Chemist: 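Before we start, here is the structure in question, set down as structure tokens.
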Amino acid sequence: MDVGEGGGISRGGRGDKLGQWLWLLGAIMIVALALRRPLLALLALTLALAIGVALLWRRYGLRAVHYQRAFSQSRVFPDEEFTLELVVDNAKPLPLPWLEIEDEFPTDLHYQQMKLDLSPKPKVSIFRTLFSLRPYERVRRRYRVVASRRGYHRFGPAEIRTGDPFGFISAHEEVDRTDYLIVYPRVLPVSAFNLPLKQPFGDGKPVRPLMEDPLRFSGVRPYAPGDLPRRIHWRASARTGALQSKQFEPSALPVVALFLDVNTFEHFWQGLDPERLERAISATASLAAFALEERRQVGLYANAPLYHGQRFIHIAPGRHPAQLARILEALALLIPHTGDRIETLLAREAPRLPWGATLVVVTGYIAPGLEETLAALYRAGHAIVLVSFAEHAPDLPSRPGFTVHQVDEEVASGQQLAQLALA
């Protein structure tokens, strides 16, 4: 980032007074020479030179000064260490006796061998450091940082200051550029959440076991009672004089649709339980990784917005090599806030999924509307897996095609998850 054009440099007040002093000292020097007072003239000249140097640093001190941050990794996992590098470049012949940088760092990271000050902004700390730069010199400083919490962490903006060697005047510049670090959620074995390692999605079959791909049309067949109107092939029906239904080829791989509910209480105004939500996010990430390893198509849906402005998380099922990275990044960018119920999202997205797709709902609160929606989706032919972090177990018994996992708070405590991650 280039801060050398002086757009934000302070120029008033003290600098104007120094200019007036410069004119006054010039007049004193002329009078002293006229009165043959060489010592007084020399003193006036020395002070005038010092003030001239101060005005020179005020005007050109931050010209062609570059400040930037760099991460050894822009995406990390919790408890992973990375390097933060600060680079300052003085690309001009004027040296800088001192250059102070005041940068904003996120508080949710652990900074080793760095002292940070408090900031009036929430979740922001202030890092201050001093540099001394010769002409055309570049200085690099590296710091070790540990990613201690999932999220989208912002570094910056910053402010830089410099001044003359005598301390008469200083100049400052606002640096608006910001950099971001993405910390993924924890990915653990599903057994860490008290889920069966071999069959976390249940061993029962859905009501309609045939899993069809709506994008792979194979032909038509006579209409059968129970076929949905969207399956009817109207042109073929008009041609044959009898109702005909579309046929699709079976999907090559089973589909798992993960639905994350960020609600942890009955009402929105009650807020969120951050620890319970983080456990649910970690479980969702772990189930996604497990399902992809089992050669399933995996999608992610959540009733929470992203930092980039997307209102809901919507990642269609797929098995692309980058699918897990997309899911983990979406969970990292998730803003823990919602204005909608998970049952509303389920009712909207489930009909667009292939028949036989397994719907995995991860939630920290079981609302009556969610129980009713899951029962309706089960009757419609979807396999259902409910992973509950709620305080009370849901009143939904497991049966073939409908699996309920109640995760105890002791089992999924943050401390135990961290220990499992280190192990």
Side-chain angles (χ1 to χ4, degrees), residues 190 193-196 198-214 224-232 245-248 250-251 253-263 266 280 283-284 286-288 290-291 294 296-303 312-317 338 340-390 392-407:
V190 294
F193 302 93
N194 206 25
L195 305 179
K198 292 185 178 181
Q199 294 177 325
F201 304 119
D203 56 357
K205 296 181 179 180
V207 177
R208 298 180 182 180
L210 182 61
M211 198 175 306
E212 297 176 319
D213 188 344
D227 287 347
L228 294 177
R230 67 177 183 175
R231 294 182 64 94
I232 297 176
S245 295
K246 300 175 185 177
Q247 276 188 312
F248 302 96
S251 176
L253 297 171
V255 175
V256 172
L258 295 166
F259 286 84
L260 172 63
D261 181 15
V262 300
N263 292 307
E266 180 179 3
T284 304
S286 303
L287 287 169
F290 177 87
E294 293 292 310
R296 299 176 185 239
Q297 299 183 68
V298 181
L300 174 65
Y301 307 85
N303 57 342
F312 298 106
I313 296 178
H314 179 288
I315 299 177
T338 183
D340 208 348
R341 292 289 185 186
I342 190 63
E343 50 265 32
T344 304
L345 184 63
L346 276 164
R348 182 173 67 247
E349 298 294 342
R352 305 175 185 176
L353 296 170
W355 290 109
T358 300
L359 309 185
V360 182
V361 180
V362 184
T363 182
Y365 179 79
I366 304 295
L370 176 58
E371 296 180 353
E372 296 172 1
T373 301
L374 292 179
L377 292 172
Y378 176 70
R379 292 192 298 268
H382 289 290
I384 304 296
V385 178
L386 176 62
V387 181
S388 172
F389 288 83
H392 305 289
D395 189 19
L396 292 169
S398 295
R399 51 190 183 275
F402 198 125
T403 305
V404 179
H405 298 294
Q406 175 65 31
V407 182

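For the numbers below, each heavy atom of this structure counts, side chains included, while hydrogens, waters and symmetry mates do not. Given the structure is predicted, the values throughout are model-derived calculations rather than measurements.
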Chemist: Could you please spell out the steps behind the side-chain contact (heavy atoms from CB on, under 4.5 Å) verdict for Leu353 and Leu359?
Modeler: CA-CA 9 Å; Leu353 296 170; Leu359 309 185; 3.4 Å; yes
Chemist: Could you tell me the separation between the CZ atom of Arg231 and the CD atom of Gln247, rounded to the nearest 0.5 Å?
Modeler: 8.0 Å
Chemist: Distance check, rounded to the nearest 0.5 Å: Leu370 atom CG versus Leu346 atom CG?
Modeler: 6.5 Å
Chemist: Compare every heavy atom of Phe193 with every heavy atom of Ser286, then report the nearest pair and how far apart it is.
Modeler: OG-CE1, 3.5 Å
Chemist: To the nearest 0.5 Å, how far apart are CD1 in Ile342 and CD in Glu349?
Modeler: 10.0 Å
Chemist: Can you name the residues that form a side-chain contact (heavy atoms from CB on, under 4.5 Å) with Glu372, not counting sequence neighbours?
Modeler: none
Chemist: Working to the nearest 0.5 angstrom, can you tell me the gap between Leu258 CG and Thr358 OG1?
Modeler: 10.0 Å
Chemist: Heavy atoms only: give me the nearest Glu343-Ala367 pair and the separation to one decimal.
Modeler: OE2-CB, 4.3 Å
Chemist: Using side-chain heavy atoms (C-beta onward) and a distance below 4.5 Å, is Val385 in contact with Leu287?
Modeler: no
Chemist: Check Ile232 against Lys246 and note the closest heavy-atom contact, atom names and distance.
Modeler: O-CE, 3.9 Å
Chemist: Check whether NZ of the Lys or CZ of the Arg Arg399 lies under 6.0 Å from the centre of the six-membered ring of Tyr378 and within 45 degrees of that ring's axis.
Modeler: yes
Chemist: Kindly write out the residues that satisfy ring-ring contact (aromatic ring centres under 6.0 Å, His included) with Tyr301, not counting sequence neighbours, or none if the list is empty.
Modeler: Phe259, His314
Chemist: Checking the side chain of Asn303 only, and the main-chain atoms of Asp340 only, is there a donor and an acceptor separated by less than 3.5 Å?
Modeler: yes
Chemist: What heavy-atom pair brings His405 and Pro200 nearest, and what distance separates the two atoms?
Modeler: NE2-O, 3.0 Å
Chemist: Val256 vs Phe201, test: side-chain contact (heavy atoms from CB on, under 4.5 Å). Steps then yes/no.
Modeler: CA-CA 9 Å; Val256 172; Phe201 304 119; 4.1 Å; yes
Chemist: Can you measure from OG1 (Thr373) to CZ (Arg341) and round to the nearest 0.5 angstrom?
Modeler: 11.5 Å
Chemist: Quick one: side-chain hydrogen bond (donor to acceptor under 3.5 Å, both in side chains) partners of Thr363, sequence neighbours excluded?
Modeler: Asp261
Chemist: Looking at Phe389 and Ala283, what are the two nearest heavy atoms and their distance?
Modeler: CZ-CB, 3.6 Å
Chemist: The criterion is side-chain contact (heavy atoms from CB on, under 4.5 Å); which residues satisfy it with Ser245, sequence neighbours excluded?
Modeler: Arg221, Tyr223, Asp227
Chemist: Return the set of residues passing side-chain hydrogen bond (donor to acceptor under 3.5 Å, both in side chains) with Gln406 (not counting sequence neighbours), or none when no residue passes.
Modeler: Ser388
